[in-house]
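We number each residue from 1, following the sequence as shown. Source: prediction; values computed, not measured.
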Amino acid sequence: MNPDIPSDLPTQVKIPSAGVTQPLAVSEVAASPNEPAKVRAVLKYRNNDGRESILAVAKNVHHDFGEFNSSVAVSLSAADLEIIRKNPNVDWFEGDGRER
């Protein structure tokens, strides 16, 4: 048992589509029970306004594909993802289904 991780945090996650429960790795446990879950996604933007909107809500930027294909791989809250995907300056998103 790691003393740095609060004991009241969840240690397993249910994956509804697969119908299984898997243990969470230590890196996947939220720092605090009140902290919103973060999801990873690749978002394609139409212009600089779209890029700036994505970066403004991103908790982490994993990769910026820049001029190559106008997309960024980020972690952000699920609520922010729902808002940003409706932005007219964002073309599409692809989530990887993992919560962080």
Side-chain angles (χ1 to χ4, degrees):
M1 191 72 155
N2 185 338
D4 296 328
I5 299 175
S7 61
D8 61 340
L9 292 177
T11 58
Q12 294 189 343
V13 62
K14 176 110 174 136
I15 304 172
S17 60
V20 297
T21 301
Q22 294 186 342
L24 287 173
V26 172
S27 63
E28 294 174 319
V29 176
S32 152
N34 298 326
E35 181 180 318
K38 290 190 287 186
V39 294
R40 290 180 57 152
V42 176
L43 295 120
K44 182 168 176 50
Y45 51 89
R46 292 177 188 228
N47 51 39
N48 197 51
D49 289 340
R51 182 178 186 278
E52 293 300 318
S53 296
I54 294 166
L55 296 179
V57 298
K59 305 296 184 208
N60 298 80
V61 176
H62 302 288
H63 193 80
D64 188 342
F65 296 96
E67 296 296 319
F68 176 68
N69 68 0
S70 300
S71 63
V72 290
V74 298
S75 290
L76 65 166
S77 73
D80 286 338
L81 177 60
E82 288 305 309
I83 293 168
I84 202 72
R85 64 185 277 209
K86 295 174 184 172
N87 184 318
N89 296 310
V90 175
D91 273 337
W92 55 262
F93 84 100
E94 179 179 323
D96 70 3
R98 293 184 289 176
E99 289 190 359
R100 299 277 182 215

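For the pair Asn60 (side chain) and His62 (backbone), a donor-acceptor distance under 3.5 Å is absent. No donor-acceptor pair closer than 3.5 Å links the side chain of Lys59 to the backbone N or O of Ser77. For the pair Arg46 (side chain) and Pro88 (backbone), a donor-acceptor distance under 3.5 Å is present.
Put simply, the side chain of Tyr45 does not reach to within 4.5 Å of the side chain of Asn87, judged on heavy atoms. Considering only heavy atoms from C-beta on, Glu52 stays 4.5 Å or farther from Asn89 through its side chain. For the pair Ile84/Leu43, a side-chain contact is recorded, criterion being any heavy-atom separation below 4.5 Å from C-beta on.
Taking hydrophobic clusters as Ile, Leu, Val, Met, Phe, Trp and Tyr residues chained together by side-chain heavy-atom distances below 4.5 Å, Val61 shares a cluster with Leu81.
Considering CD1 of Ile54 and CZ of Phe93, their distance stands at 11.5 Å, rounded to 0.5 Å. Atom CZ of Arg51 sits about 12.0 Å away from atom CG of Asp49, to the nearest 0.5 Å.
The nearest pair of heavy atoms linking Ala73 to Val42 is CB-CG2, 4.0 Å. Scanning all heavy atoms of the two residues, the minimum distance from Leu76 to Ala41 falls at CD2-CB, 4.5 Å.
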